[in-house]
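Atoms considered below: every heavy atom in the structure, side chains included; atoms not considered: hydrogens, waters and symmetry mates. Protein chains get the first letters and strands the later ones, always in sequence-line order, with residue 1 at the start of each.
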There are 2 protein chains.
Amino acid sequence: MAITMYDLAGVEADRRFSPFCWRTKMALAHKGLQVETVPWRFTEKDKLPMPNDGRVPVIIDGGRVVHDSSTIADYLEDRYPDRPSLFPGTASRGLSTFVQNWTESVLQVGLIRLVLLDIYNHIGPTDQAYFRQSRESRFGGMTLEDVVKDRDERLPAFRASLDPLRRTVERQAFVCGDAPAYADYVVFGAFQWARAISDFELIAADDPIFAWRRRMLDLFGGLGRKSPGYGC
Amino acid sequence: MAITMYDLAGVEADRRFSPFCWRTKMALAHKGLQVETVPWRFTEKDKLPMPNDGRVPVIIDGGRVVHDSSTIADYLEDRYPDRPSLFPGTASRGLSTFVQNWTESVLQVGLIRLVLLDIYNHIGPTDQAYFRQSRESRFGGMTLEDVVKDRDERLPAFRASLDPLRRTVERQAFVCGDAPAYADYVVFGAFQWARAISDFELIAADDPIFAWRRRMLDLFGGLGRKSPGYGC
């Protein structure tokens with residue numbers, strides 16, 4: 001029997017535009033499951049099946065009502081384990097690449113503008129000459145001092161840019177889930193970079209990222225914590 | 001025999017601050033492999049083993065020289081398959097959560113400010129009244145028209161914010177790697193949302209994201225493409 005799915009529609013019944021419903025439709029197709037979609041509009045909350053939480057997507061599968069695209073994905077994965085996996089093992093390498101690209105294009109790009117001068121202050125004279133010349137060139141001729149001089153003002157925007165990480169480690173222990181793996185080390189590497197050479201308070205103590213970083217510092221007998229650095 | 005690793009150091013030999021070297025040190029620890037690190041400074045390029053690409057991390061494992069943290073991670077995973085995996089199957093669910101949090105805190109937040117009025121223009125009168133009231137309240141009392149009025153000026157910043165996605169699908173076919181899985185559908189859902197109701201050109205035709213979206217539209221017999229929408 002086909003699964004029924006309530007799907008947000010425009011004034012034309014077949015114009016379907018909810019990103020969350022699209023997640024579920026693609027997941028159902030991935031699993032090779034038949035689905036009959038019911039067009040549903042914002043103001044038709046009373047037309048949804050019971051229990052009714054007033055939102056879509058919601059599916060009915062053999063009498064069972066399941067709400068919320070993430071819950072539906074987990075449900076489909078658990079209910080239909082013999083069909084193609086929505087979270088296949090081989091995906092973790094590809095997904096780690098996404099986390100790495102986020103780390104390099106958001107996290108590390110933000111970090112370097114906060115701690116650039118601190119690096120300079122922890123390297124020897126020969127390296128300092130090389131570092132100043134190469135980094136000032138990379139920053140379009142700005143001095144190291146100028147790159148970081150407004151870092152206090154830029155800190156809130158930096159912290160806001162970490163939302164994808166924050167939301168993740170707020171709900172699970174590690175970026176990779178219950179246990180750390182390579183993507184955690186990629187993100188942690190950026191924080192170890194800063195920790196080694198800077199006492200600038202990147203992360204507030206009540207931030208879920210702070211607690212995650214502490215879990216990372218605890219790993220492997222405190223490998224990260226034992227290395228000379230500042231802060232926790 | 002322990003693996004040798006060249007590790008960026010400060011003026012104090014034990015102050016190690018390279019984010020890329022930290023990735024490798026954590027990966028070696030994860031695999032339970034012994035390592036002897038050699039402190040190395042920016043200007044000591046001629047002290048690195050051959051073949052020498054002038055950068056760290058580089059490891060020597062039983063005479064084999066491996067450069068670059070990503071290459072080293074792949075090497076360790078393939079060379080030591082019986083040790084704890086750096087990319088375990090169970091990680092893909094956790095990693096998909098990161099992609100989902102990025103989608104919801106960056107991609108969808110950026111998108112809604114570009115296409116909000118287009119949604120309004122594709123829903124019926126009853127829904128329009130509800131939508132205007134609820135969304136204008138959510139945007140602090142701005143009219144739908146005002147939210148999107150400078151969208152052309154905001155487009156470059158929106159496109160730049162997609163760098164983590166762009167870099168990922170530039171080098172691999174899907175967010176999840178060689179084959180699509182749930183995290184691809186989460187990101188794709190956001191683009192289907194826009195596609196259904198807006199002809200605004202979010203992504204340039206020569207953007208790797210454009211090609212990825214076309215691959216996504218091709219899936220499951222063109223499931224996404226067949227749905228009414230604009231553009232490709």
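- Checked by atom type and distance alone, the side chain of A:Lys31 pairs as donor or acceptor with a backbone atom of A:Tyr80 at under 3.5 Å.
- One side chain, B:Arg16 or B:Thr37, offers a donor N or O that lies under 3.5 Å from an acceptor on the other.
- Between A:Asp218 and A:Arg215 no salt bridge is recorded (no basic side-chain N to carboxylate O distance below 4.0 Å).
- Interface remark: B:Ile119 contributes side-chain atoms only to the contact with chain A (heavy atom separation under 4.5 Å).
- Note: B:Phe188 and B:Trp212 have perpendicular aromatic rings, judged against thresholds of 30 and 60 degrees for the angle between ring planes.
- Using a cutoff of 4.0 Å between basic side-chain nitrogens and carboxylate oxygens, B:Arg55 and B:Glu44 are not scored as salt-bridged.
- When heavy atoms are compared at a cutoff of 4.5 Å, A:Ser70 approaches chain B by way of both its backbone and its side chain.
- Between chain A and the residues B:Gly177, B:Ala173, B:Ala73, B:Ala183, the most heavy-atom pairs under 4.5 angstrom are made by B:Ala73.
- Counting heavy atoms from C-beta on, the side chains of A:Met5 and A:Val38 never come closer than 4.5 Å.
- Looking only at heavy-atom pairs under 4.5 Å with chain B, the residue among A:Gly221, A:Ala9, A:Ala91, A:Gly124 that has the most is A:Ala91.
- Contacts of B:Arg171 with chain A are made by side-chain atoms alone, with heavy-atom separations under 4.5 Å and no backbone atom involved.
- For A:Pro180, the part lying near chain B is the backbone, with the side chain staying farther off; criterion is any non-hydrogen pair under 4.5 Å.
- Comparing A:Val11, A:Asp127, A:Leu86 by heavy-atom pairs within less than 4.5 Å of chain B, the highest count is held by A:Asp127.
- Residues A:Glu77 and A:Arg83 are not paired through a salt bridge, judged by the lack of any N-O separation under 4.0 Å between the basic side chain and the carboxylate.
- Considering every non-hydrogen atom in both A:Phe17 and B:Ala196, the closest pair reads CB-CB, 3.5 Å.
- Within the 4.5 angstrom heavy-atom criterion, no atom of A:Phe191 approaches chain B.
- With chain B as partner, the option from A:Tyr185, A:Trp102, A:Phe131 having the largest number of non-hydrogen pairs under 4.5 angstrom is A:Tyr185.
- Considering only heavy-atom pairs separated by less than 4.5 Å from chain A, the leading option among B:Arg41, B:Glu104, B:Gln172, B:His30 is B:His30.
- Of the two parts of B:Gln128, neither the backbone nor the side chain holds a non-hydrogen atom closer than 4.5 Å to a non-hydrogen atom of chain A.
- Interface remark: A:Phe220 contributes side-chain atoms only to the contact with chain B (heavy atom separation under 4.5 Å).
- A side-chain donor-acceptor contact under 3.5 Å links B:Asp118 and B:Ser198.
- Only the side chain of B:Leu219 comes within contact range of chain A, judged by heavy atoms closer than 4.5 Å.
- Between B:Asp207 and B:Arg159, no side-chain nitrogen of the basic residue sits less than 4.0 Å from a carboxylate oxygen of the acidic one, so the salt-bridge criterion is not met.
- Heavy-atom distances place no part of A:Leu8 under 4.5 Å from chain B, backbone and side chain included.
- Looking only at heavy-atom pairs under 4.5 Å with chain B, the residue among A:Ser134, A:Gly189, A:Gly224 that has the most is A:Gly189.
- When heavy atoms are compared at a cutoff of 4.5 Å, A:Val186 approaches chain B by way of both its backbone and its side chain.
- Looking only at heavy-atom pairs under 4.5 Å with chain A, the residue among B:Ser161, B:Cys176, B:Ala160 that has the most is B:Cys176.
- Remark: side-chain polar atoms of B:Ser137 are not paired, donor with acceptor, to backbone N or O of B:Gln133 under 3.5 angstrom.
- Neither the backbone nor the side chain of A:Asp184 comes within contact range of chain B; no heavy atoms are under 4.5 Å apart.
- A cation-pi geometry, defined here as NZ or CZ lying under 6.0 Å from the six-membered ring centre and within 45° of its normal, does not hold between A:Arg135 and A:Tyr120.
- In terms of non-hydrogen atom pairs under 4.5 Å with chain A, the most contact-rich of B:Pro125, B:Ser69, B:Ser92 is B:Ser92.
- Heavy atoms of A:Phe174 lying under 4.5 Å from chain B are absent altogether.
- Taking B:Trp193, B:Tyr130, B:Phe20 one by one and counting their heavy-atom pairs under 4.5 Å with chain A, the maximum is reached by B:Trp193.
- Interface residue A:Thr103: only side-chain heavy atoms are found under 4.5 Å from chain B.
- With contacts defined as side-chain heavy-atom distances shorter than 4.5 Å, the pair B:Val148/B:Leu114 does not qualify.
- Highest contact tally toward chain B, considering only A:Gly10, A:Ala27, A:Gly32, A:Pro164, is held by A:Pro164 [criterion: heavy-atom pairs under 4.5 Å].
- In this structure, the portions of B:Asp74 lying under 4.5 Å from any heavy atom of chain A include both its backbone and its side chain.
- When B:Leu165, B:Val106, B:Val169 are compared by the number of non-hydrogen pairs under 4.5 Å with chain A, B:Leu165 comes out ahead.
- Residues B:Ser227 and B:Gln192 have side chains that never bring a donor and an acceptor to within less than 3.5 angstrom of each other.
- Contact count against chain B (heavy-atom pairs under 4.5 Å) is highest for A:Thr97 among A:Thr97, A:Val187, A:Asp178, A:Thr90.
- At a threshold of 4.5 Å between non-hydrogen side-chain atoms, the residues B:Val58 and B:Val66 do not count as touching.
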